[in-house]
Colleague: 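What follows is a structure written as structure tokens; I'll ask about it next.
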Amino acid sequence: QVQLVESGGGLVQPGGSLRLSCVVSGFTKNTRDIGWFRQAPGKVREGVACINRRDNKTYHSEAVKGRFTISGDNARNTVYLQMTSLKPVDTAVYYCVGGDNCDTLATEGSWGQGTQVTVSS
């Protein structure tokens with residue numbers, strides 16, 4: 001059974017940093033793409049970043065490019081989202097999603113339970 005478990009969320013001041021982790025189990029080893037999505041109260045869910053676990057190619061949304069970095073550790077079956085220069089607009093529940101490829105994660109992927117990130121002074 002596929003499982004994705006996120007951790008690392010919390011309260012941080014503007015300009016601060018957090019690292020989210022997603023432990024993945026149940027997928028065929030090294031054959032799945034993993035992405036991060038977020039949803040703020042009253043807003044549409046949006047894709048943040050994605051990593052191809054076969055070639056480690058990464059994608060980041062324009063909203064986070066240059067501030068967030070997605071990476072993977074296949075030996076630990078873990079994907080990370082390093083978030084720096086955090087802004088109040090980054091406040092949201094962050095979800096880890098796994099599937100066949102980054103383009104179809106939103107509609108066909110398997111979702112974790114989410115972790116809350118709050119950026120506030």
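No experiment lies behind these values; they were computed from the predicted model shown. Along the sequence shown, residues carry numbers from 1. Both backbone and side-chain heavy atoms feed into the values below; hydrogens, waters and symmetry mates do not.
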Colleague: Check the pair Asp33 / Arg53 against salt bridge (charged side-chain N to carboxylate O under 4.0 Å, His left out), numbers first and verdict last.
Modeller: CA-CA 6 Å; Asp33 290 357; Arg53 298 177 75 207; over 6 Å; no
Colleague: In Å, rounded to the nearest 0.5 Å, how long is the span from CD1 of Ile70 to CD of Gln82?
Modeller: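 Answer for the CD1-CD pair, Ile70 versus Gln82, is 12.0 Å.
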Colleague: With sequence neighbours left out, write down each residue that passes side chain to side chain donor-acceptor pair (under 3.5 Å) with Gln13, or none if nothing qualifies.
Modeller: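 Gln13: no side chain to side chain donor-acceptor pair (under 3.5 Å) contacts found.
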Colleague: Does anything in residues 67-100 form a ring-ring contact (aromatic ring centres under 6.0 Å, His included)? List the pairs, not counting sequence neighbours.
Modeller: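 Matches after skipping sequence neighbours: Tyr95-Trp111.
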Colleague: Which pairs pass salt bridge (charged side-chain N to carboxylate O under 4.0 Å, His left out) with one or both residues in residues 85-95, sequence neighbours excluded?
Modeller: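 For residues 85-95: Arg38-Asp90, Arg67-Asp90.
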Colleague: Measure across Trp36 and Cys22 and return the closest heavy-atom pair with its distance rounded to 0.1 Å.
Modeller: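 Reported closest heavy-atom pair: CZ2-CB, 3.6 Å.
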Colleague: Do Val24 and Phe37 share a hydrophobic cluster (ILVMFWY, side-chain heavy atoms under 4.5 Å, transitive)?
Modeller: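 Different clusters.
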Colleague: With distance as the sole test, does His60 use its side chain to make a donor-acceptor pair with the main-chain N or O of Gly66 at under 3.5 Å?
Modeller: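 It does not hold such a pair.
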Colleague: Do you know the tightest heavy-atom contact between Ser17 and Ser85?
Modeller: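 So the minimum-distance heavy-atom pair works out to OG-N, 4.4 Å.
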Colleague: When the side chains of residues 2-9 are checked against the rest of the protein, which donor-acceptor pairs come out under 3.5 Å, sequence neighbours left out?
Modeller:
residue	atom	partner	partner atom	Å
Glu6	OE1	Gln113	N	3.0
Glu6	OE1	Gln113	NE2	3.3
Glu6	OE1	Gly114	N	3.0
Glu6	OE2	Cys96	N	2.8
Glu6	OE2	Gly114	N	3.2

Colleague: For Ala40 versus Ala92, what's the shortest heavy-atom pair and its separation?
Modeller: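 Scanning both residues completely, I find the closest heavy atoms to be N-CB, 3.8 Å.
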Colleague: Transitive ILVMFWY cluster of Val89 at side-chain heavy atoms under 4.5 Å: who else is in it?
Modeller: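 Reading the cluster by chain and number, Val89 sits alone, since nothing else belongs.
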Colleague: Looking at residues at least two apart in the chain, or sitting in another chain, which of them share a salt bridge (charged side-chain N to carboxylate O under 4.0 Å, His left out) with Arg19?
Modeller: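 If we apply the salt bridge (charged side-chain N to carboxylate O under 4.0 Å, His left out) test to Arg19, skipping adjacent residues, there are no hits.
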Colleague: Please say yes or no: joined through hydrophobic side-chain contacts below 4.5 Å, possibly via intermediate residues, are Val23 and Val97 part of one cluster?
Modeller: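 As far as the 4.5 Å side-chain criterion goes, Val97 and Val23 are not connected within one cluster.
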Colleague: Using the test side chain to side chain contact (heavy atoms under 4.5 Å, CB included), find all partners of Ser120 that sit at least two apart in sequence or belong to another chain.
Modeller: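 Result, side chain to side chain contact (heavy atoms under 4.5 Å, CB included) vs Ser120: Leu11, Thr118.
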Colleague: Please name all residues satisfying side chain to side chain contact (heavy atoms under 4.5 Å, CB included) with Asp103, sequence neighbours left out, ordered by chain then number.
Modeller: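 Asp103: side chain to side chain contact (heavy atoms under 4.5 Å, CB included) contacts with Asn101.
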Colleague: Tell me, please, which residues at least two apart from Asp55 pass salt bridge (charged side-chain N to carboxylate O under 4.0 Å, His left out).
Modeller: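 Partners of Asp55 by the salt bridge (charged side-chain N to carboxylate O under 4.0 Å, His left out) criterion come out as none, since no residue qualifies.
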Colleague: Restricting to side chain to side chain donor-acceptor pair (under 3.5 Å), what partner residues turn up for Arg45, sequence neighbours left out?
Modeller: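 Checked Arg45 against side chain to side chain donor-acceptor pair (under 3.5 Å); zero matches.
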Colleague: Could you tell me the separation between the CG atom of Asn77 and the CD1 atom of Ile34, rounded to the nearest 0.5 Å?
Modeller: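 One gets 9.0 Å once the value is rounded to the nearest 0.5 Å.
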Colleague: How close do Ser61 and Gly47 get, counting heavy atoms only, and between which atoms?
Modeller: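 Looks like CB-O, 3.5 Å.
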Colleague: Taking only residues at least two apart or on different chains, which pairs with a member in residues 32-84 satisfy disulfide (SG to SG under 2.5 Å)?
Modeller: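 Residue pairs passing disulfide (SG to SG under 2.5 Å), neighbours aside: Cys50-Cys102.
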Colleague: If you draw a 6.0 Å radius around NZ in Lys57, do more than 12 non-hydrogen atoms from other residues or ligands fall strictly inside?
Modeller: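 At most 12 heavy atoms, drawn from other residues, nucleotides or ligands, come within 6.0 Å of this atom.
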Colleague: How about Leu81 and Val64: do any of their side-chain heavy atoms sit closer than 4.5 Å?
Modeller: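 Contact flag for Leu81/Val64 side chains = no.
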Colleague: For Asn56, give me all partners under side chain to side chain donor-acceptor pair (under 3.5 Å), at least two apart in sequence or on another chain.
Modeller: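 Asn56 satisfies side chain to side chain donor-acceptor pair (under 3.5 Å) with no residue once adjacent residues are dropped.
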Colleague: When rounded to the nearest 0.5 angstrom, what is the spacing between CG in Leu20 and CE in Met83?
Modeller: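 Going from the CG atom of Leu20 to the CE atom of Met83 covers 4.0 Å.
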